[in-house]
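The next block holds one structure in the form of structure tokens; read it before the comments.
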Amino acid sequence: MDGVRKGPMNADPGNDPPAPEEEGRLRPEAVHRHEELVALLAEQFARADVSLRELQARADRSGGTRLPRATCADMLAGRRFPRKAVMVAFLRACQVPEQRLPAWERAWERVRLARMQPPPAAGAPPPASPEASTRRRRGVPVRAGALAAAVIVTAGAIVTAVAIAWPGSDTLTDDGRAFGPGGSSRFTVRIDPTAGPVRLVRRLDARVSRQRAAITVNGAPAGHWEPLPDGSGGWAEQHVDLPPSVTAGRGTLAVLTSFTSSEWDFSEFRYAVEQQTDGGWRTTDTLDVGHAESEAAHGYRVAGETFRGSRTLEPSLRTAARVRYEAEAGRISHARIRSGAAGASQGAVVAGLDHEDSWVDLKVYAPRAGRHTAHVTYAAGYGDAQHAVTVNGSTRFTLDYPQHGWDVWRQVTASLPLSRGWNTLRFRHHDRWAELDHVEIA
């Protein structure tokens with residue numbers, strides 16, 4: 001039968017004999033580096049003697065993991081390290097014998113672990129100057145090189161991914177830690193109780209995808225670190241604008257970060273606290289994770305640790321272009337927050353927008369005056385629905401929500417005239433019934 005391993009029942013899967021075409025060649029058992037894995041995958045593709053289109057079609061017919069041509073091209077060129085499921089689907093499409101797949105999976109795991117480790121120091125280029133050496137060793141960012149990008153609002157806190165570039169340096173070495181499922185970290189930072197809004201900035205290894213963690217400040221929920229866009233890599237930074245309810249009038253913040261999900265683990269190399277003063281942001285405190293003196297000064301502790309050491313990476317230049325505002329974080333009239341909404345962002349939506357006086361007010365930010373695109377995510381399950389939308393109490397229009405079913409989340413777009421700074425959007429019941437998940441402003 002296809003897909004059934006053959007051989008003695010007690011055979012050691014680590015000792016499977018090589019396929020005939022592997023004799024005398026590099027085998028998966030000998031692979032430890034990404035470039036070796038890429039070379040071996042390219043060899044299998046050449047031996048299969050088919051097009052990427054045919055591989056994609058074979059994977060589609062099998063009903064398993066999809067195999068987009070662009071993904072295969074990136075994998076074969078070494079531009080992207082594949083997910084294990086993608087690599088296995090590729091090998092199956094290339095008709096690699098099923099009994100050889102476990103050896104390939106173990107090779108993938110070795111390469112994945114190797115990529116998580118810092119490169120050998122002997123191969124590192126010498127620093128150009130003592131100042132440059134200090135910058136790379138300590139991981140001091142050049143803030144003027146930062147490129148802001150989009151991202152998420154949770155419980156009223158805007159989460160923004162930041163792609164960073166260090167002028168004059170292709171790589172940066174920094175110390176840090178990471179923790180896995182059930183893990184967490186905690187520390188205390190100083191803020192100025194007389195200054196403005198507070199944001200928490202985190203440096204991370206963006207090669208590990210789907211990193212998400214819950215943030216608690218002084219014992220109160222304060223938002224989430226959300227995953228970066230797929231394909232991010234190298235160093236990246238994120239910031240969370242903390243809700244004023246957990247920062248107002250305080251001189252210190254006790255921060256707890258708890259693991260939620262990740263492809264591997266949740267990494268943290270540096271935390272900075274910034275506050276808005278005179279229209280700009282200034283750093284009020286910095287925790288240099290991985291450095292004993294800084295950790296001790298901030299009472300840093302970690303549970304469920306999976307990594308401790310240094311990494312040398314290039315800065316990520318991936319950016320996103322939307323900011324998300326959760327409907328349930330807005331001001332609500334004659335409606336309710338529905339928790340446990342399957343498939344919804346943050347698992348909660350505004351429901352019961354069923355009456356003439358039912359509405360949601362959302363505060364959204366525009367960096368400049370003019371037209372901005374709003375992407376509104378909704379569900380409508382009982383006929384096409386409509387909301388009447390008001391911008392800053394004046395501009396009014398009707399937003400149509402085609403029916404797709406309850407807990408089936410779809411987006412519609414609208415062009416909004418926004419003023420520079422904060423704006424108020426009101427979504428009011430108009431016709432039939434729709435639940436509101438979130439709004440993204442581009």
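Side-chain atoms are counted along with the backbone in the values below, which use heavy atoms only and exclude waters and symmetry mates.
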NZ or CZ of R212 within 45° of W225 ring axis and under 6.0 Å | no
Presence of salt bridge, R338 and E328, under 4.0 angstrom | no
May I have the step-by-step check of salt bridge (charged side-chain N to carboxylate O under 4.0 Å, His left out) for R203 and D174, ending in yes or no?
-> CA-CA 10 Å; R203 179 179 299 158; D174 197 8; 2.8 Å; yes
Spatial distance of atom OG (S415) from atom CZ (R371) [nearest 0.5 Å] = 4.5 Å
Can you name the nearest heavy-atom pair linking P243 to A222, along with the distance?
-> CD-O, 3.6 Å
Non-hydrogen atoms of T65 and A59 that approach each other most closely | O-CB, 3.8 Å
Parallel under 30°, tilted from 30 to 60°, perpendicular over 60°: which one fits the rings of Y365 and W422?
-> perpendicular
Side chain to side chain donor-acceptor pair (under 3.5 Å) between S209 and E263, intermediate numbers included | CA-CA 5 Å; S209 63; E263 177 192 25; 3.1 Å; yes
T286 and R270: side-chain contact (heavy atoms from CB on, under 4.5 Å), yes or no, with the steps?
-> CA-CA 7 Å; T286 301; R270 179 181 182 270; 3.7 Å; yes
First locate atom CG of D241, then atom CD of E274, and finally report the distance between them rounded to the nearest 0.5 Å.
-> 9.5 Å
Looking only at non-hydrogen atoms, find the nearest pair between P28 and R110 and report the distance.
-> O-NH2, 2.6 Å
Check: Q44 side chain, L41 main-chain N or O, donor-acceptor pair, under 3.5 Å | no
Step-by-step side chain to side chain donor-acceptor pair (under 3.5 Å) determination, R202 to Q211 | CA-CA 12 Å; R202 160 184 166 241; Q211 295 185 51; 2.6 Å; yes
Separation between CD1 (I332) and CG (D361), nearest 0.5 Å, reads 10.0 Å
All side chain to side chain contact (heavy atoms under 4.5 Å, CB included) counterparts of H334, not counting sequence neighbours = H355, D357, S358
Taking side chain as C-beta onward, heavy atoms only, is D175 less than 4.5 Å from H291?
-> yes
Taking the side chain as every heavy atom from C-beta outward, state whether V255 and Y300 have any pair of such atoms under 4.5 Å apart.
-> no
Which of V412, D437, L436 passes side-chain contact (heavy atoms from CB on, under 4.5 Å) with T377? Answer is D437
Give a yes or no answer on whether the side chain of D265 reaches the backbone of T306 with a donor-acceptor pair at less than 3.5 Å.
-> no
Can you tell if the side chain of T247 reaches within under 4.5 Å of the side chain of L253, non-hydrogen atoms only?
-> yes
Give a yes/no verdict on a cation-pi contact between R83 and F81, requiring under 6.0 Å between NZ or CZ and the six-membered ring centre and an angle within 45° of the axis.
-> no
Might you point out which heavy atoms bring V408 and R410 nearest each other, and give the distance in Å?
-> CG1-NH1, 3.3 Å
Hey, what do you get for CZ (F90) to CG (L67), rounding to the nearest 0.5 Å?
-> 7.5 Å
Under 6.0 Å from the CD atom of E293, do we count more than 12 heavy atoms belonging to anything else shown?
-> no
L313 vs R207 side-chain heavy atoms within contact, under 4.5 Å | yes
Whether H239 side chain and E237 backbone form a donor-acceptor pair below 3.5 Å = no
Between V201 and V273, is any pair of side-chain heavy atoms under 4.5 Å apart?
-> no
Could you pull out the closest heavy-atom pair between H224 and A214, with the gap in Å?
-> CD2-CA, 3.6 Å
For A366 against N423, the heavy-atom pair lying closest together = CB-ND2, 4.0 Å
Stepwise side chain to side chain donor-acceptor pair (under 3.5 Å) check, D205 with S267 = CA-CA 6 Å; D205 178 353; S267 63; 5.6 Å; no
Beyond-backbone contact of L91 with L101, side-chain heavy atoms, under 4.5 angstrom = yes
Can you find a heavy atom in the side chain of T216 that is under 4.5 Å from one in the side chain of S258?
-> no
Can you check side-chain contact (heavy atoms from CB on, under 4.5 Å) on R426 and R331, steps first, answer last?
-> CA-CA 9 Å; R426 172 167 292 187; R331 193 161 65 97; 3.7 Å; yes
Are there more than 12 heavy atoms of other residues, nucleotides or ligands under 6.0 Å from atom CZ of R420?
-> no
Taking the six-membered ring for Trp, are the ring centroids of H438 and Y325 within less than 6.0 Å of each other?
-> no
Are L425 and V391 close enough, and set up right, to give a side-chain contact (heavy atoms from CB on, under 4.5 Å), and what steps lead you there?
-> CA-CA 5 Å; L425 307 183; V391 182; 4.0 Å; yes
Answer yes if the side chains of D288 and S294 hold a donor-acceptor pair under 3.5 Å, and no otherwise.
-> no
Taking W409 for its side chain and A342 for its backbone only, find out whether a donor-acceptor pair lies under 3.5 Å.
-> yes
Going from CG on L399 to OG1 on T413, what distance comes out if it is rounded to the nearest 0.5 angstrom?
-> 8.5 Å
Tell me which donor-acceptor pairs under 3.5 Å the side chains of residues 176-192 have, and how far apart each pair is, sequence neighbours excluded?
from	atom 1	to	atom 2	distance (Å)
R177	NE	E295	OE2	2.8
R177	NH1	E305	OE2	2.6
R177	NH2	E295	OE1	2.7
R177	NH2	E295	OE2	3.4
S185	OG	E268	OE1	3.1
S185	OG	E268	OE2	2.9
R190	NH2	D285	OD1	3.3
D192	OD1	T194	N	2.9
D192	OD1	T194	OG1	2.7
D192	OD2	T194	OG1	3.3
D192	OD2	R282	NH2	3.2

Which word best sums up how the rings of H387 and Y401 line up, parallel for under 30°, tilted for 30 to 60°, or perpendicular for over 60°?
-> perpendicular
May I ask you to decide if K84's main-chain N or O and E105's side chain share a donor-acceptor pair within less than 3.5 Å?
-> no
Less than 4.5 Å apart, any side-chain heavy atom of R311 and any of W235?
-> yes
From CA spacing to verdict: salt bridge (charged side-chain N to carboxylate O under 4.0 Å, His left out), R106, E29 | CA-CA 8 Å; R106 289 189 291 273; E29 288 82 355; 5.2 Å; no
For E36 and H32, indicate whether the former's side chain and the latter's backbone hold a donor-acceptor pair under 3.5 Å.
-> yes
L76 CG to F45 CZ distance, which is reported to the nearest 0.5 Å | 6.0 Å
Could you go through the side-chain contact (heavy atoms from CB on, under 4.5 Å) check for W104 and L37 one step at a time?
-> CA-CA 9 Å; W104 283 89; L37 184 63; 4.2 Å; yes
